[in-house]
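Here's the structure we're looking at; comments come further down.
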Protein chains: 2
Amino acid sequence: MSGGPRRGGVVNQDRWHAGGRWDPYDQDCPSRQLLDRIGDRWTVLVVLALADGPRRFSELRRSVGGVSQKMLTQTLRALERDGLVRRTVFAQVPPRVDYTLTDTGTSLLEPLRGLLDWSSAHMDDVLASRARHDEGEADGAAHERVAASGG
Amino acid sequence: MSGGPRRGGVVNQDRWHAGGRWDPYDQDCPSRQLLDRIGDRWTVLVVLALADGPRRFSELRRSVGGVSQKMLTQTLRALERDGLVRRTVFAQVPPRVDYTLTDTGTSLLEPLRGLLDWSSAHMDDVLASRARHDEGEADGAAHERVAASGG
DNA sequence: CAGTATCCTTGCTGATACTG
DNA sequence: CAGTATCAGCAAGGATACTG
């Protein structure tokens, strides 16, 4: 998935959540894989698009603007494999396939919304900081913090 | 970053969550930009690594296993530009540079932890589903849901 | 220590064409 | 409608070498 070197075997999950904590810094830790998963910009968009209920392939394609057929299929397959999305085929012609969030998939909506909420609260600050920073660079001004050695 | 065309002005956030809903499919919607940011897998890892206080460059490099020098620098620069991280240079030799989470950066920890919590709660399910799915594929068994046309 | 600059490979991604 | 297969382009990411 991430293309990085993997040990190649089944991993012992107890290794990482000793004391109930995961270690995302460990390349082999599953929590790291979550990050890889939401790293795909389509994954999050598709999950969000399914928040209100089942959607057909073509609906998703329209809904998630800019996604290619290939990427949508690929994303849906990965989500299905992870048990976040259920695929239902209707035996009829023309074909009809519905995609639905599983319970696990639905549960992901909550933390995702937490992120979206943060965005709504702080994105202005981020955008402002970005603009300020870019201005400063144009001036060649060095506005970095320099602390005394202190010793 | 995403390289896409931007309108360049300050955006009115009310535009996107009319009725409490976001439109991450809109290029200009803040939620889309957040997605771009956490899309880099290093960004999240670095922010998390700074949760417990200031860290030096070399500490981060060790802490965030697998990150290259180039990627760490790049990530840190982006975070600084966005006002999530503050860079402090100590005028001494050998050089010492500290990175600290700003208030905005710190506030991001909460939703991030929400994601990590989700991961710790559901990663087992995801991993199990994945294994099950892969097994089924090896068997060539079709365990996909086929619904009746239903009339 | 803390970067910067450069090269080069990897693989993601989208466009296109074809199938059931 | 809902995919699968194949190909070409580009950019992210890593390794390496060098600097202040």
Side-chain angles (χ1 to χ4, degrees), chain A residues 1-6 27 32 35-46 54-81 85-100 137 142 144-147 149 151, chain B residues 1-4 35-46 49 54-81 85-100 137 142 144-147 149:
Chain A
M1 222 117 305
S2 58
R6 200 120 295 176
Q27 300 223 252
R32 183 72 170 261
L35 261 22
D36 288 345
R37 192 116 303 282
I38 63 173
D40 306 325
R41 56 180 185 283
W42 302 126
T43 301
V44 177
L45 259 20
V46 168
R55 290 284 181 273
R56 305 182 56 167
F57 186 86
S58 51
E59 287 175 325
L60 286 173
R61 191 150 152 62
R62 266 190 306 276
S63 183
V64 184
V67 69
S68 67
Q69 195 173 35
K70 175 186 172 182
M71 284 300 104
L72 182 55
T73 300
Q74 191 170 303
T75 302
L76 252 9
R77 290 279 175 276
L79 251 18
E80 193 192 356
R81 190 172 97 106
V85 161
R86 176 170 1 265
R87 180 170 178 269
T88 307
V89 179
F90 293 83
Q92 65 183 41
V93 45
R96 177 204 174 100
V97 180
D98 272 15
Y99 292 92
T100 319
E137 263 195 345
E144 72 181 2
R145 264 153 217 257
V146 181
S149 302
Chain B
M1 224 84 340
S2 56
L35 258 24
D36 288 345
R37 187 116 310 282
I38 64 172
D40 307 323
R41 54 178 184 285
W42 301 126
T43 301
V44 177
L45 259 19
V46 168
R55 289 285 182 273
R56 306 182 55 168
F57 186 88
S58 51
E59 289 175 323
L60 287 174
R61 192 151 151 60
R62 266 191 305 278
S63 183
V64 183
V67 70
S68 68
Q69 197 173 33
K70 175 184 172 182
M71 282 301 102
L72 183 54
T73 299
Q74 191 172 302
T75 302
L76 252 9
R77 292 278 177 276
L79 251 17
E80 195 194 354
R81 191 172 95 107
V85 161
R86 175 165 9 263
R87 181 170 178 268
T88 307
V89 179
F90 293 84
Q92 65 183 43
V93 45
R96 177 204 174 100
V97 180
D98 272 15
Y99 292 92
T100 318
E137 264 196 343
E144 72 180 3
R145 277 176 200 245
V146 180
S149 301

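Every chain is numbered from 1, with letters handed out A, B, ... down the list of sequences. Only this structure's heavy atoms are used, side chains among them; waters, hydrogens and symmetry mates stay out.
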Nearest whole Å is fine: how far is [N] [atom2] from [X] [atom1]?
X       : N      : atom1 : atom2 : value
B/Phe57 : D/dT19 : CZ    : P     : 18 Å
B/Arg62 : C/dC1  : CZ    : C1'   : 11 Å
A/Glu80 : D/dA2  : CD    : P     : 15 Å
A/Asp40 : D/dA12 : CG    : C1'   : 14 Å
A/Leu72 : C/dC12 : CG    : P     : 17 Å
A/Phe90 : C/dG20 : CZ    : C1'   : 19 Å
A/Met71 : C/dA15 : CE    : P     : 11 Å
B/Asp98 : C/dC1  : CG    : C1'   : 12 Å

Separation between CZ of B/Phe57 and CD of B/Gln69, rounded to the nearest 0.5 Å = 5.0 Å

Is B/Ser58 near enough to C/dA2 that one of its side-chain N or O atoms lies under 4.0 angstrom from OP1 or OP2?
-> yes

At under 4.0 Å, does any side-chain N or O of B/Arg87 touch on OP1 or OP2 of C/dG3?
-> yes

When you match B/Gln69 and A/Tyr99 each to their closest nucleotide on DNA chain D, which lands nearer the 5' end?
-> A/Tyr99

5'-most contact on DNA chain D (nearest-nucleotide basis), A/Lys70 vs A/Arg77, goes to A/Arg77

Counting any heavy atom closer than 4.0 Å, what does A/Arg61 reach on the DNA or RNA strands: base, sugar-phosphate only, or nothing?
-> nothing

So does A/Arg145 have more than 12 non-hydrogen atoms from other groups sitting under 6.0 Å from CZ?
-> no

Is the number of heavy atoms from other residues, nucleotides or ligands within 6.0 Å of CZ (B/Arg86) greater than 12?
-> no

Shortest side-chain distance from B/Val97, nucleotide among D/dG3, C/dT13, C/dA2 = C/dA2

Closest to side chain of A/Arg56, choosing from D/dA2, C/dG14, C/dA2 | D/dA2

By nearest nucleotide on DNA chain C, pick out whichever of A/Gln74 and B/Arg96 is the more 5' one.
-> B/Arg96

Is there a Watson-Crick or G-U wobble partner for D/dG20 with both distances under 3.5 Å, and if so, which one is it?
-> C/dC1

Taking the side chain as every heavy atom from C-beta outward, state whether B/Leu45 and B/Val67 have any atom pair closer than 4.5 Å.
-> no

Least distance between heavy atoms, B/Arg37 atom then B/Ala78 atom = NH1-CB, 3.7 Å

